Amino acid sequence: MKIGIVRFPGSNCEVDVWEAWRVLGQEPKMLWHQETSVRGYDLIVLPGGFSYGDYLRTGAIARFSPIMEDVIHFAHEGGMVLGICNGFQILTECGLLPGALLRNKDLHFLCQPQYLRVERTDLAFTSLYQEGEVIQIPINHGEGNYSIDDAGLKELEENGQVVFRYVDKTGVENELGNPNGSRHNIAGIVNRTGNVLGMMPHPERVVEEIVGGTDGQRLLLSLVQAWERRMQYGA
Amino acid sequence: MLKAKVTVTLKKSILDPQGSAVEKALKSMGYKVDEVRIGKFMEVTLPEAARENATEMMHEICHKLLSNPVIEDYSFELEDKE
């Protein structure tokens, strides 16, 4: 599987993502933001960090870096794109995903383990999870407060585009389980066609027991499995 | 030369946690204030050659990059720069 990880100036989770894939037996490639093509890749990952120092708005400047034009094109053609944390912010800035990520409700920068509920398992990103399963994946952000207008929120929910929701330990979405003020406890969403996923939590940080958990592993492995299936049956 | 003074503010419907924190601080200092909203102010200097289409170009710049239309509103004024 050909995996490309886009490195922007200020990205700081690209090596974690790279390492996570290697742990799972893949050989991803780093892509510099000034490259102009992502042709031939099976998956593009936009990693976390502070691209362009978060200047102006998180993800706002990265969105106009040379490689993004082709990433957008790639996504529109059905290419798989995964945006984690700052990568999610970039995906909303460039319009591949709706809404925006604002400053956390209480203004604190949050770096902590977080319970999430998996809302959809019919996606290439999540097929190895159980629907309604509660998993623990760390968050690490200052701007993760998912915001969208009422009409947009209704559309997201009606189309089942919410993939991960912040919950408490028992799997209930409540204020206690919502770390940053996100509307409807939204932690991750997918586009209508199911090929672009953005999420604030960092699955790449929990792929080995030695680093504190393995709940992120199945997200990456789901993608590999979906790719293998595609190779086998063609699509 | 021309100067564009751009103001970007969060839409009314969007909560502003920074503004609320500042509002609380002002209240705790004893000031009678109702609400604080925090925005951004930017100055963009344009060459003489851009004068003719300055308004149109500034709308485009504000829409594409300086503001995020999903959460923010913008306004700008153009003035001659000495």
Side-chain angles (χ1 to χ4, degrees), chain A residues 51-65 68-69 72 86 88-110 141-156 175 178-184 186 189 191 198, chain B residues 2-29 31 33-47 50 53-54 56-78:
Chain A
S51 57
Y52 297 87
D54 276 354
Y55 295 156
L56 194 59
R57 292 179 310 279
T58 56
I61 301 178
R63 176 252 176 282
F64 289 102
S65 62
M68 281 309 294
E69 198 176 321
I72 293 167
N86 189 223
F88 185 12
Q89 294 162 341
I90 296 168
L91 289 175
T92 59
E93 277 286 339
C94 71
L96 283 176
L97 291 174
L101 293 137
L102 302 180
R103 212 41 200 278
N104 293 344
K105 173 186 62 180
D106 59 8
L107 300 173
H108 291 295
F109 188 95
L110 299 168
H141 60 246
E143 280 95 356
N145 181 350
Y146 184 75
S147 173
I148 189 165
D149 59 21
D150 292 342
L153 186 65
K154 190 164 172 268
E155 210 179 304
L156 270 186
E175 204 160 323
N178 187 349
N180 52 25
S182 291
R183 293 204 77 181
H184 284 200
I186 288 171
I189 57 170
N191 64 345
Chain B
L2 269 176
K3 194 188 327 182
K5 295 180 160 182
V6 182
T7 308
V8 177
T9 51
L10 279 173
K11 284 185 195 289
K12 281 269 173 287
S13 58
I14 303 284
L15 289 176
D16 175 13
Q18 292 186 80
S20 317
V22 172
E23 176 193 316
K24 278 182 202 144
L26 286 174
K27 282 176 176 161
S28 74
M29 288 159 74
Y31 293 105
V33 298
D34 278 336
E35 195 191 12
V36 179
R37 303 277 292 173
I38 292 180
K40 292 175 190 145
F41 176 73
M42 295 165 237
E43 286 185 343
V44 183
T45 315
L46 309 176
N53 299 313
E56 196 186 348
M57 186 176 87
M58 282 311 300
H59 276 298
E60 199 176 308
I61 288 175
C62 287
H63 192 80
K64 273 193 181 166
L65 181 62
L66 300 187
S67 78
N68 176 350
V70 175
I71 46 168
E72 294 169 325
D73 292 321
Y74 69 84
S75 62
F76 63 84
E77 284 170 32
L78 285 166

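Protein chains get the first letters and strands the later ones, always in sequence-line order, with residue 1 at the start of each. Just so you know, these numbers come straight off a predicted model, no measurement behind them.
- Both the backbone and the side chain of B/Leu65 come within contact range of chain A, judged by heavy atoms closer than 4.5 Å.
- When the shell of 6.0 Å around CG of B/Leu26 is examined, it contains more than 12 heavy atoms from other residues, nucleotides or ligands.
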Is there any N or O donor on one of chain A and chain B with an acceptor on the other under 3.5 Å, and could you list each such pair with its distance?
unit_1, atom_1, unit_2, atom_2, d
A/Leu56, O, B/Lys40, NZ, 2.6
A/Arg57, NH1, B/Leu65, O, 3.0
A/Arg57, NH1, B/Leu66, O, 3.2
A/Arg57, NH2, B/Leu65, O, 2.9
A/Glu93, OE2, B/Asn68, ND2, 3.3

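- The CD1 atom of B/Ile71 sits 4.5 Å away from the CG atom of A/Leu102 when rounded to the nearest 0.5 Å.
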